[in-house]
Amino acid sequence: MSVPQRPCLPETVAVAARPSEQSEQGGERVAAQGSRGGAPTCLDQNGSPEPERRPCSATDAAGLKPADNWPCWSEAPKAPFVRSGPGLSNPRYVTPGIETHEGGVLELPEPGVYAGLDWIRCTGPEALIDRLLGEMRDFAGIEGKECHGAKHFKNGASFEPGVMVSWGHKNRVCQVDVQGQRLRLIDGPARVEVLRQLLEMGMKARRLDLAVDFVDQQRAMHRQAVASCQAGELCGLRSYEVKDRIQANGQALSRHLALGARESPVCARIYDKGLEQGYAVEGYWERVEVEFKKDRAEAVADALVKDAQRSAQTLVSFVFGAFEFRTKTGRGEMARRPLSPWWADLLEGVAAARTSPAGDPASFRSWLAWLQTAALPRMLQCAEAARITPGELMEWFCQGLVPRTDDSPIVQEFVAWFATGSGEVR
């Protein structure tokens with residue numbers, strides 16, 4: 001698996017000034033290569049460097065991404081942005097990090113909106129395990145270390161940081177998890193390329209975490225979302241839970257809003273990433289993160305790899321299509337309720353995309369494959385334990401049931417297959 005390990009995004013626009021920082025003539029900032037590890041320096045309309053970003057007060061640089069892993073920006077914007085940095089309709093396609101400079105001085109991410117995959121989980125037939133281990137070894141650049149594997153798996157190999165391959169499942173499947181610790185080392189298109197190569201191997205996406213970061217955007221995302229939830233404005237997800245941690249003196253240690261049930265196919269989180277990392281004041285760096293699982297993850301994965309050139313916009317569309325906030329008006333139809341003003345302002349210019357549950361399998365063979373994997377082995381075990389035939393067990397299971405009457409393609413294909421008299425169903 002050949003994926004670049006150091007991100008470089010020449011197509012991403014440079015940072016633009018806040019209104020208070022723009023000149024009276026409306027001049028815009030342009031990017032030039034500065035001395036900070038190759039990152040751009042912002043210049044005003046007179047060509048003078050603007051002040052350096054304020055450094056973080058933290059001094060512990062352990063585990064933080066070095067400056068030379070930061071992306072480079074080379075194209076100046078054609079017009080000033082309303083807020084600092086690229087907006088939600090055109091985000092930077094990389095997860096922001098904290099730069100470490102000489103002397104251990106830490107600086108917060110450049111202002112702007114960032115988008116990227118933050119977790120990739122794929123599963124496939126256990127027959128792919130040797131190839132999968134080889135691909136992950138090439139991707140990580142190191143040999144895997146034996147580990148216990150993921151839950152329900154007997155064996156595993158970890159490729160630090162943030163990659164784990166698991167096998168030894170009762171259903172004879174293998175699994176790979178590529179987490180944020182690894183994905184943050186590569187840019188957005190490279191993450192989608194990792195996903196594409198896994199799908200081409202014959203793996204299926206079973207979990208995808210999509211993240212959109214707002215750095216120095218003064219959106220008050222967490223506060224606004226909590227207020228909307230308490231006002232009954234949350235739509236699309238059925239529950240919420242505020243998980244803030246506050247010190248006795250009133251200072252926030254974390255701000256975290258969980259939306260939806262964690263075990264459901266779609267759930268979301270809105271939290272203060274700067275507080276979580278311990279390197280930013282409250283509200284400076286906030287994240288909206290949506291977790292798609294099972295068939296929803298498959299739908300999102302297919303859309304991301306289908307049009308790789310627009311995968312950043314596709315990612316943002318799925319994040320903000322997973323849920324929404326609508327003003328309560330007494331109307332029962334959700335579509336007739338207007339979006340909450342702060343939510344409508346946030347999504348200006350963004351087309352939300354929704355995922356739907358997968359329908360019935362399109363063919364008899366795919367349905368049969370599911371039946372043979374998920375149900376029949378346990379039924380045979382029950383029949384053997386009860387010392388009865390599988391036919392007798394099936395007759396007992398079907399007592400009181402009524403056949404469905406819908407026009408199913410599964411039934412049509414089965415009838416056509418059965419009419420041929422073929423005994424081969426695999």
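Computed from heavy atoms alone, side chains included, the values below leave out hydrogens, waters and symmetry copies. Residue numbers start at 1 and run along the sequence shown.
A salt bridge is defined here as a Lys NZ or Arg NE, NH1 or NH2 lying under 4.0 Å from an Asp or Glu carboxylate O, and Lys294 with Glu298 fails to meet this definition. Electrostatic pairing of Glu291 and Arg262 counts as a salt bridge here, judged by a charged N lying under 4.0 Å from a carboxylate O. In this structure, Asp272 does not pair ionically with Arg223, as no charged nitrogen and carboxylate oxygen lie closer than 4.0 Å. A salt bridge does not link Lys204 with Asp302: none of the charged nitrogens is closer than 4.0 Å to a carboxylate oxygen. Electrostatic pairing of Arg326 and Glu324 counts as a salt bridge here, judged by a charged N lying under 4.0 Å from a carboxylate O.
Here the rule is salt bridge (charged side-chain N to carboxylate O under 4.0 Å, His left out) with Asp118, and of Arg191, Lys273, Arg184, Arg287 only Arg287 fits it.
Proximity of a side-chain donor or acceptor of Ser166 to a complementary backbone N or O of Ala150 within less than 3.5 Å is detected. A donor-acceptor distance shorter than 3.5 angstrom exists from the side chain of Glu286 to the backbone of Met221, with no hydrogens or angles considered. In this structure a side-chain-to-backbone donor-acceptor pair under 3.5 Å is present from Ser317 to Ala351. Not one N or O on the side chain of Ser228 forms a donor-acceptor pair closer than 3.5 Å with the backbone of Ala225. Side-chain N or O atoms of Gln217 include one that pairs as donor or acceptor with a backbone N or O of Val215 at under 3.5 Å. At distances below 3.5 Å, not a single donor-acceptor pair connects side-chain atoms of Arg121 with backbone N or O atoms of Arg206. Of the possible donor and acceptor atoms, none in the side chain of Gln175 sits under 3.5 Å from a partner among the backbone N and O of Cys122. Checking side-chain atoms of Ser264 against main-chain N and O of Ala261 turns up a donor-acceptor pair under 3.5 Å. Panel note: side chain Asn171, backbone Val173; no donor-acceptor pair is recorded below 3.5 Å.
Two residues are said to be in side-chain contact when any heavy atoms from C-beta on lie closer than 4.5 Å; Phe414 and Leu368 fail this criterion. When side chains are defined from C-beta on, Tyr240 does not count as touching Val226, because their heavy atoms never get closer than 4.5 Å. Side-chain contact between Phe323 and Val290 is present, with at least one heavy-atom pair separated by less than 4.5 Å. Leu253 places none of its side-chain heavy atoms less than 4.5 Å from the side chain of Ile246. The shortest side-chain heavy-atom distance between Cys267 and Phe292 does not fall under the 4.5 Å cut-off. In this structure, the side chains of Thr355 and Val300 come closer than 4.5 Å at one or more pairs of heavy atoms. For the pair Leu132 and Met201, the minimum side-chain heavy-atom distance is below 4.5 Å. Contact check for Arg255 versus Leu275: side-chain heavy atoms found under the 4.5 Å cut-off.
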Steps toward salt bridge (charged side-chain N to carboxylate O under 4.0 Å, His left out) verdict (Arg269, Asp209) | CA-CA 10 Å; Arg269 299 172 281 275; Asp209 289 10; 3.6 Å; yes
Pair Glu233-Lys328, salt bridge (charged side-chain N to carboxylate O under 4.0 Å, His left out): steps then yes or no | CA-CA 6 Å; Glu233 296 179 350; Lys328 293 189 70 174; over 6 Å; no
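Taking the six-membered ring where the residue is Trp, the centroids of Phe320 and Trp343 are separated by under 6.0 Å.
Nearest heavy atom pair, residue Leu339 against residue Ala344, reads CB-CB, 4.0 Å. Nearest heavy atoms, Arg182 versus Ala140: NH2-CB, 3.8 Å. Scanning all heavy atoms of the two residues, the minimum distance from Leu315 to Leu117 falls at CD1-N, 3.7 Å. The shortest heavy-atom contact between Cys147 and Met164 is SG-SD, 3.8 Å. Of all heavy-atom pairs spanning Ile142 and Glu160, the tightest one is CD1-O, 3.3 Å.
Counting non-hydrogen atoms of neighbouring residues, nucleotides and ligands closer than 6.0 angstrom, the CD atom of Gln309 reaches no more than 12 such neighbours. For Arg238, the CZ atom counts as loosely surrounded, since its 6.0 Å shell holds 12 or fewer non-hydrogen atoms of other residues, nucleotides or ligands. Annotation: Gln247, atom CD; neighbour count of heavy atoms from other residues, nucleotides and ligands within 6.0 Å is above 12.
Side-chain N/O atoms of His222 and Asp244 include a donor and acceptor closer than 3.5 Å. Glu289 and Tyr271 are linked by a side-chain donor-acceptor pair at a separation below 3.5 angstrom, with hydrogens and angles left out of the test.
To the nearest 0.5 Å, atoms OH (Tyr114) and CH2 (Trp285) are separated by 8.5 Å. One finds the CG atom of Leu234 at 8.0 Å from the OG atom of Ser239 (value rounded to the nearest 0.5 Å).
Between Phe325 and Trp342, the ring planes lie tilted relative to each other; the angle falls in the 30° to 60° range.
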